[in-house]
Each structure stands twice: as C-alpha cells, then as structure tokens.
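Take a look at the structure set out below.
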Amino acid sequence: MRTPTLQYLYLQKPLVLLLMVTILSVCWIYDGAFYTKGEPREAAVAVSMVEKGEWVLPKVYADEFAYKPPFTHWLMAVFSLPQGEVTPLTSRLPSVVSFVFMIGVCFLFYGRKMRGQEAFLACIILITSFELHRAAMTARVDMVLTCLIVLGLIMLFFWEEDRKLTGMPLGIPVVLGCATLVKGPVGIVLPLLVFGIYLLLLRYNFWKIAGKFVCVTLLSMILPAIWYVLAYRQGGQAFLDLIWAENFGRFFGTTNLNISYELGHEEPFWYNFVTLLSGFIPWTIFLLISLFGIKYTFEIKGIKNLWNNVLSMEKIYLFSLVAAVTIFIFYSIPISKRSVYIMPAYPFIAVFMARYFLYLTEYKNKITKIFSGVIWLLGFVVAIIVFLTVVTHLVEPTQLFGFIKSQRTMSDIVLIWDNIKSANLLNVLLFFILLTALYTLSIHLRKKNNLKILYSAVYLYFVTFLIIDAIFIPAFKNATSVKPFAEEVKAFTEKSDKIYVLNNLKEYRNMYGMNFYLNNNFKNFEKELPESGFFLVGASDFEKFYPGYSELYNFTLEIQSPTPNKDAGQIIQLYSIQKK
C-alpha cells in the first residue's frame with residue numbers, strides 16, 4: 001500500500017503535466033485570427049455543417065468537396081453548436097483536446113510500463129516539442145489523427161500484453177474506425193502494420209496474425225463504410241476521384257483523374273529526417289550537443305549481436321521502437337510528405353529520448369549544463385525583447401532590427417509590432433515569471449544536482465514558449481490575416497450572396513481565409529457565368545484570367561488589399577462585374 005508521501009508524488013506528476021499542457025495550449029487558441037489557408041479551409045467545412053446542415057459531404061469554397069473525411073469537422077461543428085457559429089476557437093478545440101488527451105494516455109501507458117521519471121520526461125518532451133505544439137494549436141485534422149493512431153496502438157499493445165490476442169476488444173475497431181473517418185484508410189493500415197511487425201518479432205504465427213487482422217479490419221470499416229456509401233450517393237464519381245487522389249494518388253505521387261488541384265507536398269526521401277529534427281526542438285539541441293560529449297567504440301561483435309539485442313528488449317521498448325521506425329519509414333515512401341505526417345511516431349521516439357537524456361543528466365553533467373545554458377541564453381534574449389517592446393516601449397522595430405535589409409521582412413515586423421498588446425497586467429506578469437525562471441536556472445547551474453538543472457531548464461523553456469504563444473504569435477497571426485480585408489469586403493458587398501471566385505487550383509490560388517470570413521458563400525465564376533455580381537480574385541491570377549473574359553464582361557475594380565497575404569500569396573482585388 002502506498003504511503004501518503006508516495007501517493008502525493010504519484011499524483012503530482014500528472015497534475016504538473018495537465019497544468020503545463022493546459023497553460024501552454026488551451027489558454028491561447030482563442031487568440032489570433034486565421035492567417036494561412038489550411039485552418040480556414042478545414043473550418044469552412046464545419047461552417048457548412050452548422051449553417052447549411054451538410055453533415056455527410058459538405059461543400060466548401062464554391063463547389064469544392066471537403067478534402068478529408070468529416071470526423072474532425074464533426075467535432076468542430078459540435079463545439080460550435082452552443083454559440084451557433086464556427087470561430088477560430090471552436091475549430092481549434094478538437095486539436096487541442098486531442099493533444100491533451102494523448103498526453104494523458106501516454107503518461108498512464110508509460111507510467112505503468114517503465115520508470116516514472118522516464119514517463120514524466122517523455123511527456124514533457126512531447127508537450128514542449130515544436131511540431132506537436134504547433135499542430136495542437138491549429139484547426140487541422142493531423143492532431144486528431146495522431147491522437148487516435150497512438151491510442152489505437154496502445155490498445156493493440158494491451159490486447160497482446162493482457163489477452164494474448166484472445167477475444168476482440170470493441171474499443172480497438174471503434175478507435176481505428178474513427179481514425180479512418182479523419183483521414184482515410186491510413187487510420188487502419190498504419191496501426192495494424194506496426195502491430196503486425198511487432199507480433200512477428202514476438203514470434204506469433206503469421207496466419208494467426210492475418211486472421212485476427214481481417215476481423216479487426218472488417219469491424220473497423222463499419223463506421224467509415226456507412227459514411228463512404230452516403231457520401232458516394234451524394235458526390236458520385238467526383239467523390240471517388242477525390243478519395244482516390246487523396247489516399248492513393250498522394251502515396252504514389254501520381255494521379256490521372258480529373259480533379260481540380262495538384263497533389264503537392266512533393267519532397268525527397270531525406271525530408272522526414274530534417275522535419276523530425278526540427279519538430280523535436282528544443283530537445284534536438286540537447287541531442288546534438290551530446291554527440292560531442294560521448295565516446296564512440298566500434299565492435300564487429302556488437303553489430304552482429306544487434307538483432308539479438310533488439311529482440312531481447314523489454315516489450316514496451318520493443319513496441320516503441322517498432323512503432324517509431326515503421327511510422328517513419330511508412331511516411332518516407334510516398335513522394336508527398338509533410339512534417340505533420342510523422343507525428344504519430346513522436347510519443348514512441350520520446351520514450352528513447354527520455355531514457356537517453358536521463359542517462360546524460362546522471363552521468364554527463366557537462367552536457368546537461370551546456371544544454372541548460374543554451375536554454376538560459378534563449379530565455380534571456382526573449383526577456384530583453386519583451387522588456388524593450390512590451391514593458392517599456394523603449395525602442396522602435398527599425399532600431400532593434402535595423403540589421404535586416406529586406407524591406408518586405410521589415411514591413412512584416414512593423415505590422416507584427418503594431419499588433420503586440422501593450423504592457424497590460426498579463427504581459428507584465430509573464431515578464432516577471434520569465435525573470436524568476438532565469439534566476440532559478442542560474443542558481444541551479446552553480447550546483448551539482450543535474451536533475452534539478454534539467455527541470456529548471458524545462459521550466460524556463462516552458463515560460464519562454466508561453467510568452468511567445470501569449471504575446472508574439474497572436475500578433476503575428478493578426479498582422480498577416482486576411483480578416484480585416486474580409487470585413488472590408490463584407491461591408492462593401494453588404495453580405496451579398498453573389499460573390500464569385502475562380503476554383504481551379506491547377507491554375508489559380510484559392511483564398512480559403514477570405515472564404516471563411518465571408519461565411520463560405522463563394523460561387524464558381526467559370527461554371528455559373530453570372531449576369532452580374534462581385535468577383536474576388538488575386539491580382540496576379542486576374543492578369544492570367546482577364547484576356548479570356550474581357551470581351552464577355554466589364555470588370556470594375558472596387559477595392560483591394562493593401563499588401564499581399566499568406567492566404568493568396570498576392571494582393572486580393574474585388575471587382576464588380578456586368579455581363580456585356
């Protein structure tokens with residue numbers, strides 16, 4: 001039976017993790033408008049559900065089908081129903097809730113199977129890793145998919161660990177089915193591929209594995225099959241073309257189907273190595289520093305025994321190794337790659353990083369101190385910038401960043417600067433917390449307790465990250481968002497339902513941010529050829545488009561955005577149109 005002290009320590013770590021993940025993500029998803037095309041494209045799907053009742057196969061951006069299955073968008077819509085509208089907050093909630101839930105599941109999973117310190121640090125690594133944090137704060141499908149795949153893998157692990165594959169836990173096909181409804185068959189294929197390799201390494205009979213997997217797959221496809229049938233009845237061949245392109249065209253890097261967009265995200269094989277290193281920042285710094293502080297030995301005998309060493313690993317580490325390697329290789333095969341694709345591997349990689357960093361902390365004190373010194377320097381730089389910009393307003397951006405020669409970059413900095421909130425109570429409080437964290441790490445760096453040094457560095461980085469999220473990121477989003485211009489367009493058109501756009505991504509750029517802030521009411525100009533109305537288009541796209549329609553329509557420029565933006569990559573123009 002646990003003593004009261006041990007019970008307190010056991011409860012302390014999950015409470016710390018919950019507090020960290022809540023403060024670092026949940027508290028700031030409301031602040032900051034949409035500024036890229038990805039978030040408003042997904043949020044517009046939820047708009048179709050809430051405002052138009054299109055729950056099976058929603059249409060966005062004129063006549064475009066939603067690219068992904070609707071599970072994430074269903075969640076967005078459910079979170080939006082109480083207030084009756086989709087907002088950046090409600091559309092980001094599924095991602096951040098999935099992130100918090102995944103951290104909790106991982107801590108419980110690893111806390112049961114390995115040392116508590118390893119499980120705790122592994123979750124700290126996940127919470128503070130750049131890629132996962134960014135995905136948790138955005139209205140995209142990738143964090144929800146990552147959570148469901150990780151949850152499915154953990155449930156599969158316990159199916160073998162506790163039941164030796166007997167029976168069929170119904171939670172497994174439900175979770176894998178929901179993952180499939182997030183982004184297609186990969187929600188079933190990838191977890192079963194990982195689990196199958198793991199079972200083969202445990203020397204399970206191949207045919208037994210195949211039989212079990214057939215049952216899991218059939219049960220997992222029940223929920224997705226219902227949606228696919230209903231969606232096909234609405235979308236027909238166009239829906240099938242889209243599904244093929246998204247799930248198979250992207251994997252093989254080719255499609256001959258008549259779809260209105262290119263596959264995109266084509267990257268070389270080594271791309272995932274780079275994104276993995278950048279995605280684990282700041283922990284990548286610790287890893288790289290350690291490479292210069294340990295001795296290497298080369299033994300032929302050790303290489304020969306490597307396979308036997310892998311097979312003799314404890315189950316939890318063998319499973320984590322198989323999951324990390326399999327997921328990484330799986331997403332390295334397709335020509336289409338994105339950094340978020342390999343996020344399901346992060347929890348399993350973090351296990352080995354935590355073990356390694358705890359070893360360095362115990363036996364290589366200089367490496368831990370150097371890493372902590374780098375974090376201290378980062379925190380100090382952020383403290384100086386916050387002091388000069390937010391607290392005292394002593395300098396102007398042109399003074400602080402006068403070394404930057406690019407006029408475009410400097411204008412962006414000025415825009416962000418103008419959007420930074422002044423020295424309110426919260427900003428001043430965060431500044432003093434940052435100073436406290438800097439002082440705490442400075443004190444511990446002079447002592448010999450390396451574990452306290454490490455966690456003091458984690459605390460400082462956490463506070464630094466928090467300040468960036470609370471002050472600078474919202475300012476950046478608001479400065480580069482199309483929302484102000486969209487509100488100007490809305491006022492000019494008086495909520496007209498005759499706003500036409502071009503919708504052919506092989507030729508033009510779609511303005512998904514404008515579409516969201518104008519209530520997802522765009523119509524396809526080239527298909528409808530209206531008598532009159534308003535025409536919204538990028539300036540560069542208009543130059544390509546105009547010669548083909550100059551003899552059919554009169555175009556009168558009404559307003560245009562003051563600067564290019566990330567949504568369209570060009571200045572956006574609003575024309576009034578009249579057929580000749």
Side-chain angles (χ1 to χ4, degrees), residues 1-22 97-129 132 146-176 179 191-192 194-199 201-202 204 216 310-327 343-359 361-362 451 455 458:
M1 185 174 179
R2 294 180 184 272
T3 65
T5 302
L6 287 177
Q7 288 177 344
Y8 171 74
L9 292 174
Y10 181 76
L11 291 173
Q12 187 181 40
K13 289 178 180 177
L15 290 175
V16 169
L17 292 175
L18 179 61
L19 184 64
M20 286 183 65
V21 74
T22 302
V97 169
S98 297
F99 181 55
V100 173
F101 183 75
M102 185 185 74
I103 295 298
V105 169
C106 287
F107 180 74
L108 293 175
F109 175 50
Y110 288 124
R112 174 178 167 180
K113 306 304 296 184
M114 61 180 63
R115 286 194 304 161
Q117 200 70 257
E118 288 182 11
F120 181 64
L121 184 57
C123 291
I124 291 289
I125 291 171
L126 294 178
I127 292 172
T128 55
S129 293
L132 288 182
T146 297
C147 175
L148 290 171
I149 287 180
V150 171
L151 178 60
L153 284 170
I154 291 174
M155 294 174 74
L156 288 168
F157 174 85
F158 281 120
W159 185 28
E160 190 283 328
E161 174 82 1
D162 297 338
R163 304 176 65 170
K164 305 302 179 185
L165 303 185
T166 59
M168 176 61 65
L170 292 180
I172 293 175
V174 170
V175 169
L176 299 188
L192 291 186
V194 171
F195 191 52
I197 295 173
Y198 171 68
L199 292 179
L201 293 179
L202 294 181
Y204 273 82
V216 174
V310 169
L311 294 180
S312 63
M313 296 172 71
E314 293 180 40
K315 280 187 173 182
I316 183 62
Y317 298 114
L318 177 61
F319 181 74
S320 298
L321 179 63
V322 170
V325 173
T326 303
I327 294 170
M343 288 197 309
Y346 274 59
F348 305 103
I349 296 173
V351 170
F352 296 100
M353 295 180 75
R355 293 198 79 189
Y356 181 56
F357 294 152
L358 286 173
Y359 163 78
T361 300
E362 186 172 355
L451 195 60
Y455 284 125
V458 170

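In what follows, every heavy atom counts, from backbone to side chain, and hydrogens, waters and symmetry copies are set aside.
- T326 pairs by the side-chain hydrogen bond (donor to acceptor under 3.5 Å, both in side chains) definition with nothing, not counting sequence neighbours.
- Remark: L311 pairs with L201, R203, W307 by the side chain to side chain contact (heavy atoms under 4.5 Å, CB included) rule, at least two apart or across chains.
- The shortest non-hydrogen separation linking Y455 to L121 is OH-CB, 4.1 Å.
- How far CD1 of I349 is from CD1 of I125: 11.0 Å, rounded to the nearest 0.5 Å.
- Here the side chains of I149 and M343 are not in contact, with every heavy-atom distance at 4.5 Å or above.
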Extract all donor-acceptor atom pairs below 3.5 Å that involve side chains of residues 155-163 and protein atoms in other chains or at least two apart in sequence.
{"from": "W159", "atom 1": "NE1", "to": "T166", "atom 2": "O", "distance (Å)": "3.2"}
{"from": "W159", "atom 1": "NE1", "to": "G167", "atom 2": "O", "distance (Å)": "3.4"}
{"from": "E160", "atom 1": "OE1", "to": "K315", "atom 2": "NZ", "distance (Å)": "3.2"}
{"from": "E160", "atom 1": "OE2", "to": "Y204", "atom 2": "OH", "distance (Å)": "2.7"}
{"from": "E160", "atom 1": "OE2", "to": "K315", "atom 2": "NZ", "distance (Å)": "3.3"}
{"from": "E161", "atom 1": "OE2", "to": "K113", "atom 2": "NZ", "distance (Å)": "3.0"}

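- Nearest heavy-atom pair across P344 and P347 is O-CD, 3.5 Å.
- In this structure, CD1 on I172 lies 12.0 Å from CD1 on I154, to the nearest 0.5 angstrom.
- Partners of E362 under the side-chain hydrogen bond (donor to acceptor under 3.5 Å, both in side chains) rule, at least two apart in sequence or in another chain, do not exist in this structure.
- Across A324 and A345, no two heavy atoms sit closer than the pair O-CB, 4.0 Å.
- Applying the side-chain hydrogen bond (donor to acceptor under 3.5 Å, both in side chains) test to pairs two or more places apart or on separate chains, those with a residue in residues 118-127 are R115-E118, E118-Y317, E118-R355.
- Pairs of residues two or more places apart, or lying in two chains, never qualify as salt bridge (charged side-chain N to carboxylate O under 4.0 Å, His left out) while including a residue from residues 343-353.
- Each salt bridge (charged side-chain N to carboxylate O under 4.0 Å, His left out) pair with one or both residues in residues 99-111, not counting sequence neighbours, would appear here, but there are none.
- Y359 meets the side-chain hydrogen bond (donor to acceptor under 3.5 Å, both in side chains) test with no other residue; sequence neighbours excluded.
- L126 is not listed as a side-chain neighbour of V21, based on a closest heavy-atom distance of 4.5 Å or more.
- Heavy-atom minimum distance, T128 versus M20: CG2-CE, 4.4 Å.
- Rounding to the nearest 0.5 angstrom, the gap separating the CZ atom in F357 from the OG1 atom in T361 is 9.0 Å.
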Using atom types as modelled, flag every donor-acceptor pair under 3.5 Å from a side chain in residues 97-110 to any protein atom, sequence neighbours excluded.
{"from": "S98", "atom 1": "OG", "to": "P94", "atom 2": "O", "distance (Å)": "2.7"}
{"from": "Y110", "atom 1": "OH", "to": "S320", "atom 2": "OG", "distance (Å)": "3.4"}

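- Atoms CG and CZ, on L153 and F348 in that order, are 4.5 Å from each other to the nearest 0.5 Å.
- By the side-chain hydrogen bond (donor to acceptor under 3.5 Å, both in side chains) test, R112 pairs with no residue at all, sequence neighbours left out.
- Residue L132 holds its CG atom at 10.0 Å from CD1 of I127, rounded to the nearest 0.5 Å.
- Note that CZ of F195 is 5.0 Å distant from CG of L165, once rounded to the nearest 0.5 Å.
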